[in-house]
Structure formats: C-alpha cells, structure tokens
Number of protein chains: 2
Amino acid sequence: MGISKREEEYLEAIYLLQKNKGVIRVKDISKKLGVRPPSVVDALKKLSEKGFVEYEKYDRILLTKKGIEIAESTYQKHILLAKFFTEILGIPPDIAEEDACQFEHYVHEITAEKMKEFAQYIQDQCPYVLKQFLKEQKEKS
Amino acid sequence: MGISKREEEYLEAIYLLQKNKGVIRVKDISKKLGVRPPSVVDALKKLSEKGFVEYEKYDRILLTKKGIEIAESTYQKHILLAKFFTEILGIPPDIAEEDACQFEHYVHEITAEKMKEFAQYIQDQCPYVLKQFLKEQKEKS
DNA sequence: TAAATTATTTAGGTTACTCTAACATAGGTG
DNA sequence: CACCTATGTTAGAGTAACCTAAATAATTTA
C-alpha cells in the first residue's frame, strides 16, 4: 500500500496551506484543490487511516510526521522543477508551475538531482551562454 | 470530452506495436501495458466510440487518423524527453525512459519545444562544458 | 474435419475518486 | 441563550480504471 498521486496532492496542499495560514479548514483544501468538501472529507479519512494525517471530525487537521515528510519531499521537487523550467529553459512561470505540479509526482530522485546539478554547473561554467539563450527566448514572445 | 492519460497510453502502445510488427492482437496490447485482456477490450471499445480506433470484435485493430495523430504526438514527446534526460542531464537510460513515459502525457508543448531548443543551443555553444558535465556524472556511478 | 488449444469477449465485481442532496454541528449575533 | 448561518459530514450514486471466471470464437493439429 503506497500512496497515490492524488493523495500526495492532498498532503502537499495541506502542507502549503498550513505554512501560509496556520489553522486550516476543510473548505480551504476544497478551494485549493478545486473539489467539493465531501471529497476532502473522504480523502482526510483515508489519509488518516494510512497515518499521514491526524483528523477527528469537526476537529483540526494536522499532518503527521510521515505526512510532513511526503509533503515536503513533493514540494521540494516542485520548487526544483519549476526553477529549472523557468531559470534554465526560460518557460513562462505559469506554464512552468503547471508542468512542475504534475511532474513532481512522478520524477525519480536521480532526475531531480541531475536537474539541480546541471543548473548549477551551467550557471557556473557558462553563465553568459545561458543568459543569451534566455534572452533569445524572451524576444520570441 | 478529452482523452485520459490512460487512453493516450493505449494509443501509443497500439501505435508502437503496429510499427514493429504490423498486425496486432489484444494479447499484444495486454502484454505491453501489463493489464489483462478484458481491460484491453474495454479500452478498445471506448477508444472506438471516441473515434480513435477502428475495432470490431474478433477483428483487426487499427488506429484512425485521429488516433495516429495523438499517438505520434505523444511518442514524439517521449523521444524528445528521453533524449533530453540522457544526453543533457546524463540520466541512466532506464530511468530516463520511465520519466519520459510519465511526463509525455503532461508536458506542455512549450516546455517540450524549449527543451529541444535548449539542447541544441548548448550542444552548439558549449559542447565541451556539456561533455565535461556528462563525464563527471558518469564518474560518480 | 473433429478435437484440442489458444485467444477474445462478456458478465459481474472492486477500488479510487468524484459529485449532489440531505443532515448535523459550531460559532456568532440579536 | 436561542437562533441563524457557515461549515462539515453522511448517504447514495456515477465514472474510469482494473480484475476473475465463464462463455464463445478462431486456429492449430492429430
């Protein structure tokens, strides 16, 4: 019994909401993920059974240690991917966000790692070439 | 009514099987996608209703024009992603394949396009730096 | 060509996720 | 403090995948 893509999305949403506004409600998650409250409740029950979320009905919603770990790891990948897409490939931020949002659930650790290293390497070794590439991309639009 | 990720996977599988061995059977698709034959039949019915596949029971399986278009476009993205992962980031081919297999269903056109352009640019403008990066990656393993 | 084998299809069921409509609770306000 | 509104929860149902077991069709072989 692993964790599904959708479950990861719920955990990440909860994590980010809590980070930004402390206490969160079913309604917040519902809005963030674009689903109706009953779907959120279902998800919370399942995540709670699996030990990723602490949840009693009508009560506060908290991530467990396990839940936080997953959410953070997913979010780290998100950041990294979005950065790579914008800062290296010159993709518009909104598109980069969307791609990162999907890929974060599938990308292998190695791939994420190499993206990071590659970005670093290029920025160190040929910053001018990179800058030139990004400039040319911008000029096209 | 768009097309789901899974439906895209079926179309791509059919496309590649046909390319490699001409006439294909339910069994072939079943093996390729790791699902049981009844699942394939279900999928073929749905894809046929949607106009992506020509299918009569016990008869041959063909892609329609629309089906081929989608399959080819998906496969092109697959090739492009896999190449980027191996030739630019130095990711092992098996991992690159797996990542490409997922991302091909989500990646925006723009992102794929920029990956291609970036690869070309770097290979032209600083081939030595790239070579050096890939060499260092290899040495780590 | 009849029997045996293999392939395909149908029937019926499961799981994950979603929804709407109806009901229940909590918290703020008259 | 009782009521009203917000929010949350349950019940029941739909859809897209998948599966197994049983039935049917096609193909091979004796």
Side-chain angles (χ1 to χ4, degrees), chain A residues 1-14 17-18 20-63 66-67 70-71 74 101-102 104-106, chain B residues 1-14 17-18 20-63 66-67 70-71 74 101-102 104-106:
Chain A
M1 264 220 235
I3 186 164
S4 73
K5 183 195 178 201
R6 198 48 170 161
E7 285 171 336
E8 246 175 53
E9 285 171 345
Y10 273 100
L11 293 179
E12 192 185 17
I14 294 167
L17 286 166
Q18 262 165 1
N20 292 333
K21 53 169 288 189
V23 173
I24 65 162
R25 342 268 358 259
V26 167
K27 187 185 47 156
D28 302 316
I29 304 172
S30 160
K31 196 189 288 179
K32 176 131 196 158
L33 291 181
V35 297
R36 298 283 177 179
S39 308
V40 174
V41 173
D42 274 7
L44 288 174
K45 281 181 188 164
K46 215 180 262 175
L47 289 169
S48 161
E49 273 168 25
K50 292 194 179 184
F52 299 121
V53 162
E54 240 173 85
Y55 163 74
E56 297 293 335
K57 54 171 163 165
Y58 297 110
D59 206 356
R60 76 226 168 301
I61 298 160
L62 292 175
L63 292 172
K66 264 170 64 186
I70 290 173
T74 305
C101 252
Q102 295 298 323
E104 64 187 358
H105 305 289
Y106 297 109
Chain B
M1 259 218 236
I3 187 165
S4 73
K5 183 193 178 202
R6 198 47 170 161
E7 286 172 335
E8 246 176 52
E9 285 171 345
Y10 274 99
L11 292 179
E12 191 184 17
I14 293 167
L17 286 166
Q18 262 165 2
N20 292 333
K21 53 168 291 190
V23 173
I24 64 162
R25 340 271 355 262
V26 167
K27 188 186 45 158
D28 301 317
I29 303 172
S30 158
K31 196 189 287 179
K32 176 130 195 161
L33 291 182
V35 298
R36 297 284 177 180
S39 308
V40 175
V41 173
D42 275 5
L44 289 175
K45 281 180 188 164
K46 214 178 264 175
L47 289 169
S48 161
E49 272 168 25
K50 292 194 181 184
F52 298 121
V53 161
E54 241 172 85
Y55 163 73
E56 296 294 334
K57 56 173 165 165
Y58 297 111
D59 205 356
R60 75 225 169 305
I61 298 160
L62 292 174
L63 291 173
K66 263 169 66 186
I70 290 173
T74 306
C101 253
Q102 296 298 324
E104 63 186 359
H105 305 290
Y106 298 108

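Keep in mind that this is a model prediction, so the values were computed, not measured. Naming: A, B, ... by sequence-line order, numbering from 1 per chain.
- Computed from coordinates, the A/Glu9 CD to C/dC17 P distance equals 10 Å when rounded to whole Å.
- Between A/Arg60 and A/Glu54, some side-chain heavy-atom pair lies under the 4.5 Å cut-off.
- The side chain of A/Tyr58 lies closest to C/dA26, out of C/dA7, C/dA11, C/dA26.
- If you measure from atom NZ of A/Lys45 to atom C1' of D/dG8, you get 11 Å, rounded to the nearest angstrom.
- Side-chain N/O atoms of A/Lys46 include one lying less than 4.0 angstrom from OP1 or OP2 on C/dC17.
- The shortest distance between the side-chain N/O atoms of A/Ser39 and the OP1/OP2 oxygens of C/dC19 is below 4.0 Å.
- A/Lys5 comes within contact range of no nucleotide atom at all, as no heavy-atom separation falls under 4.0 Å.
- Between B/Ile61 and B/Gln18, the shortest heavy-atom distance links the atoms O-NE2, 2.6 Å.
- The residues B/Glu9 and B/Arg6 are annotated as salt-bridged, a charged nitrogen and a carboxylate oxygen being separated by less than 4.0 angstrom.
- Ring centroid separation for the pair B/Tyr10 and B/Phe52 does not come in under the 6.0 Å cut-off.
- Side-chain nitrogen and oxygen atoms of A/Arg36 include at least one within less than 4.0 Å of the OP1 or OP2 phosphate oxygen of C/dT20.
- As a whole-Å value, the separation of B/Lys27 NZ from C/dA7 P is 4 Å.
- Comparing the end axes of the helix from C/dT1-D/dA30 to C/dA24-D/dT7, each fitted to five base pairs by superposing C1' atoms of four pairs onto the next four, gives an inter-axis angle of 0° (nearest 10 degrees).
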Worksheet item: Could you walk me through whether B/Ile14 and B/Lys32 pass the side chain to side chain contact (heavy atoms under 4.5 Å, CB included) check?
Response: CA-CA 9 Å; B/Ile14 293 167; B/Lys32 176 130 195 161; over 6 Å; no
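- Base orientation of C/dA24: anti, since the glycosidic angle falls outside 90° of 0.
- Put simply, A/Tyr55 has a side-chain N or O that comes within less than 4.0 Å of OP1 or OP2 on D/dT9.
- Look at CG on A/Leu44: it is 12 Å from P on C/dT18, rounded to the nearest Å.
- We find that CD of A/Glu56 is positioned 11 Å from P of D/dT10, with the value rounded to whole Å.
- The distance between atom CG of B/Asp28 and atom P of C/dT8, rounded to the nearest whole Å, is 8 Å.
- Rounded to whole Å, the distance from CZ on B/Arg6 to C1' on D/dC19 is 13 Å.
- Between A/Ile29 atom CD1 and C/dT18 atom C1' there is a gap of 16 Å when expressed in whole angstrom units.
- Contact check, B/Tyr10 against D/dC18: a side-chain N or O comes under 4.0 Å of OP1 or OP2.
- Of the two residues contacting DNA chain C, namely B/Pro37 and A/Asp42, the nearest-nucleotide position lying further toward the 5' end is that of B/Pro37.
- Counting non-hydrogen atoms of other residues, nucleotides and ligands closer than 6.0 Å to NZ of B/Lys5 gives a total above 12.
- Set against C/dC17, C/dT8, C/dA11, the side chain of B/Pro38 has C/dA11 as its closest nucleotide.
- For A/Lys57 and B/Arg25, each mapped to the nucleotide of DNA chain D holding its nearest heavy atom, the one lying further toward the 5' end belongs to A/Lys57.
- Judged as a ring pair (Phe, Tyr, Trp, His ring centres under 6.0 Å), and not counting sequence neighbours, B/Tyr58 has no contacts.
- Contact annotation: the side chain of B/Glu7 never approaches that of B/Ile70 to less than 4.5 Å [non-hydrogen atoms, C-beta and beyond].
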